[in-house]
Amino acid sequence: MSLINSAPKHSKLLRLLEPKKPSSFLLLRHLCAEPSSQPPKQDDEAIEATVTQALELLQQTPHHDWASSQPLHTLLFPSSNPSPSVLFQITRRLPSHSAALNFVDYLRSNSALQDVQVLSSAFLAVLNLAKRESNSPETLSELYRVSKEWKIPLNVDAAVLLVRSFGMAEMVDESALVFNELDPSLKSTYVRNVFIAVLLKDGRVDDALKVLEEMLQPESEVPPNDGTRDAFFHGLRMKKRNGRWLSIEEIVQLVVRFGEHSVFLNSIMLNKLIVQLCRSHQIDQAWDFLRELMKLGAPIEVSCFNAILSELGRKRDVNRMNSLLREMKDRDIQPNIITFGILINSLCKLRKVDAALEVFKKMSEGNDGISIEPDVITYNALIDGLCKVGRQEEGLAMMKQMRSVNGCAPNTVTYNCLIDGFCKGGEIDMARELFDQMKNEGVMPNVITINTLIDGMCHHGMINSAFMFFNEMQGTGLRANVVTYTTLITAFCNVNNIDKAVELFDQMLKSGRSADAIVYYTLISGLTQAGRMNDASNFFSKLKEAGFRPDIACYNTLIGGFCRTNKMDKAYEILKEIEDVGMRPDAVTYNTLITYFSRLGNFSVALSVMKKMRQQGLVPTIATYGALMHACCLAGEIDEALKIFRNISKSKLFPNTIIYNILIEALCKNNKVEVALSLMNDMKVKGVKPNTTTYNAMFKGLKEKHSLEDAFKLMDGMIIDACNPDYITMEILTEWLSAVGEIDKLKTFLKGFEVSPSDAALETLQA
DNA sequence: TTAGGGTTAG
């Protein structure tokens, strides 16, 4: 009796014999979404019966007898076309991969089997079993060798299994072998994606690019898909250290080429790329890139535009910000709160606060039917902008306004901006009031708050208060940082209390804060200005020992100090060091040397330094001419100085206040007060503002000539210019005006400056 | 969205 004929009849019975072991085939059917009421197809039942029967036979018969087993042959090869599905099911349900391999061997030796794909699929089952059994790459390797020996081509699933398994076992050469030996028609996008991931994981970037290259061709038969994109870009990030990094340009180019196949990066990855381009100062490239992607139909979110806008804002490039905004509008991309935040902040940083306020108004009023509620950050940017231009009262009003907006309570930053505004405006009392207010309100001050206050006090002559406040804060958990120390060190250097500055530096290190380059520069400059060049050199060494590389300004500080103390050998040492570390002297370096030589009266050397400066591609600056003019004046060669002055206008430079001061001072000293007065007039015409030094020089000159009326005119001018008198002004005027019985004029003069009694005045009195 | 510094000519 033929088993084939009886198989369908027995199918039910056979299934009942194995009730606890439903075949995965049936399990699969069960899991399918198809209606369960539908009875299983007759075919499926037939297949299942055959498979079960075959498995029984195979297990009962030793494998070397399989070839001679007639029942087996009859069951499996009922015709010239055995069912591939049956053979695959049997193979995968054999107890081990070696049994399965024997079965494949049995199949291949059977001449009834014509279709090599059947063998391929059975071989896949062998590989699956081997992988599940031991996951040993050596076994898989051996099986791959067998497949070639038996001339059983791999199918896609087998290839993927091998490529991926070898990749996971870090046997990437094996993966590559499988891929390369694969039939070209099988090197599908899917197989390539897997291979690319394997290559990148191992750091073989160029190999991965080669595989990708074929996919990215315009008429590619294996075009990239989302899987390719994920495998490639994720792989690039996860790749081993030894793999080379693709340049941002290469990545951008690849992203565009993916785009040509309508495969696009998600918005987060795209944004990261744009930000990276912008950060590496390639705004144009970022913009072109974005345009290119939009042309290809990529969905672009506002965040990408924001990234570019923000970089343009940092560069203060308002024109291009505007054209980007126009482009957004043309493309119907709606700005969000971040867009407005960038605009407002950029305008504030450009000191265009009114324009920022206008944007703010537009945003909350709603433009084109869209209104955006401002947030704390928007308000803070505006308040900071107002404070930075001296409109702190308006900033205060803005804080009041923000309280009426939901979820927009002032925070530490809000208060810090206002405190800084009032400090810079000299209203230290108000700043302290705000400090108390924030604490009462439960807004925690941070180290920036105390640094701002300390800096404000220091800049307004309240260094003692600042130091007391600093000490007070140390007990409250508001730990000082290197900025706090630098602020105080600067202040003590400015009042020539260098020892205290150094003491603070030591205290800072002792308390565990590490110094940065800035605090070193500050001290080096302070010590240099005090003429303590040995100490300055000492800190210069410490700076380098701490691992910082001095910049050119730091070198210049020292050269200037050594020049002023006539230690030219030391100055040359520094010049040599600049060269040794591969840096180049800048205009300030040359100006410092020109100053030194022209002060010595050695004009020929000074001029040859200037020549060298030009040879080095540096253009003399206004300070270069100032140095020469000053030296001429010191040597009594005022006409020579005036000649240089007239020559300045032939260059592209403009004389500034210092240049005029040099001449005015010299003219007054040499009894040429009339010429000095006409120069002052010239300043007014040219829009150059006189300062306290200018007025002091003039007062001295006028005093010598007893030109009282001219002095009164200048006193009025000082009030109009809001140019504060200093102790020199007071000394000259007090002496002169009291001697001529005009002390009332001095009192009226002082009233013009409305100096309110402040802690600063108190401190000055106590000092 | 907030804080610190140093270089040249007066």
Side-chain angles (χ1 to χ4, degrees), chain A residues 341-342 344-345 348-349 375-385 387-388 411-421 423-424 445-456 458-459 480-491 493-494 516-529 536 539 543 550-561 563-564 585-596 598-599 620-631 633-634 641 644 655-666 690-694 696-697:
Chain A
I342 294 166
I344 288 171
N345 191 36
C348 284
K349 291 284 180 300
D375 59 4
V376 190
I377 295 180
T378 325
Y379 271 108
N380 287 349
L382 270 175
I383 290 172
D384 187 51
C387 288
K388 287 275 180 343
N411 62 14
T412 307
V413 176
T414 321
Y415 274 101
N416 288 352
C417 295
L418 284 166
I419 288 173
D420 190 47
C423 278
K424 295 262 155 66
N446 60 14
V447 67
I448 298 181
T449 322
I450 63 164
N451 289 349
T452 306
L453 268 168
I454 289 173
D455 186 60
C458 287
H459 274 100
N481 63 12
V482 64
V483 177
T484 327
Y485 281 97
T486 309
T487 307
L488 286 167
I489 287 171
T490 308
C493 284
N494 285 340
D516 62 9
I518 294 179
V519 71
Y520 276 110
Y521 295 156
T522 309
L523 258 184
I524 290 169
S525 164
L527 288 164
T528 300
Q529 242 142 30
F539 273 99
L543 160 85
D551 62 4
I552 191 68
C554 184
Y555 284 118
N556 290 341
T557 306
L558 289 167
I559 292 173
C563 283
R564 281 190 295 275
D586 67 357
V588 177
T589 324
Y590 283 102
N591 289 346
T592 307
L593 295 171
I594 291 167
T595 304
Y596 172 75
S598 40
R599 273 209 186 143
T621 66
I622 195 70
T624 318
Y625 294 107
L628 291 171
M629 283 168 59
H630 188 231
C633 292
L634 287 176
I644 299 174
N656 58 18
T657 308
I658 299 177
I659 293 289
Y660 278 100
N661 287 352
I662 292 168
L663 287 173
I664 288 172
E665 217 169 358
N691 61 18
T692 311
T693 313
T694 325
N696 288 348

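Chain naming here is simple, since letters A, B, ... match the order of the sequence lines and numbering starts at 1 in each.
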Spacing of A:Leu527 atom CG relative to B:dG5 atom P, expressed in whole Å: 17 Å
Any donor-acceptor N or O pair under 3.5 Å, side chains A:Asn380, A:Thr414: yes
If the condition is side chain to side chain contact (heavy atoms under 4.5 Å, CB included), which residues does A:Ala631 pass it with, not counting sequence neighbours? A:Ser598, A:Phe603
Just checking A:Ala623: base, sugar-phosphate only, or nothing, at a heavy-atom cut-off of under 4.0 Å? base
Does A:Arg564 place a side-chain N or O at less than 4.0 Å from the phosphate oxygens OP1/OP2 of B:dT7? no
Please state whether the base of B:dG4 and the side chain of A:Asp516 form at least one donor-acceptor pair under 3.5 Å? yes
Between B:dA3 (P) and A:His459 (NE2): distance, integer Å: 13 Å
Interatomic distance, A:Met629 CE vs B:dA9 P [rounded to whole Å]: 14 Å
Round to the nearest Å and state the distance from A:Leu488 atom CG to B:dA3 atom P. 17 Å
Distance in angstrom units between A:Asn481 CG and B:dG4 C1', rounded: 8 Å
What's A:Ile559 touching, base or sugar-phosphate or nothing? Going by heavy atoms closer than 4.0 Å. nothing
Looking just at side-chain N and O atoms, do A:Asn446 and A:Thr412 make a donor-acceptor pair shorter than 3.5 Å? no
In this structure, how many angstroms lie between the P atom of B:dA3 and the CG atom of A:Asn416, rounded? 9 Å
Could you state the NZ-C1' distance from A:Lys424 to B:dA3, rounded to the nearest angstrom? 8 Å
Confirm from the modelled atom types if A:Asn661 and B:dA9 form a donor-acceptor pair under 3.5 Å, side chain to base only. no
Contact class for A:Cys417 vs. all strands (heavy atom < 4.0 Å): base, sugar-phosphate, or nothing? sugar-phosphate
Look at the side-chain N and O atoms of A:Lys349 and state whether any lies under 4.0 Å from the OP1 or OP2 oxygen of B:dT2. yes
Can you tell me if A:Thr522 touches the phosphate of B:dG4, counting only side-chain N or O atoms and a distance under 4.0 Å to OP1 or OP2? no
Any idea which of B:dT2, B:dA9, B:dG5 is nearest the A:Thr595 side chain? B:dA9
Measure from the side chain of A:Thr452, starting at C-beta and using heavy atoms only, and say which of B:dT8, B:dG4, B:dA3 lies closest. B:dA3
Per atom distances to the A:Asn380 side chain, the nearest of B:dG10, B:dT8, B:dT1 is B:dT1
Regarding A:Thr452 and A:Asn416, is there a side-chain donor-to-acceptor distance under 3.5 Å anywhere? no
Using the test side chain to side chain contact (heavy atoms under 4.5 Å, CB included), find all partners of A:Asn481 that sit at least two apart in sequence or belong to another chain. A:Val447, A:Asn451, A:Val483, A:Thr484
Using only modelled atom types and a 3.5 angstrom limit, is any donor from either the side chain of A:Thr487 or the base of B:dG4 paired with an acceptor on the other? no
To the nearest angstrom, the CD1-P distance between A:Ile344 and B:dT2 comes to 14 Å
Among B:dT2, B:dG10, B:dT8, the one nearest any side-chain atom of A:Thr621 is B:dT8
Does B:dA3 have OP1 or OP2 under 4.0 Å away from a side-chain N or O of A:Lys388? yes
Are A:Thr589 and A:Asn556 linked by a side-chain donor-acceptor pair shorter than 3.5 Å? yes
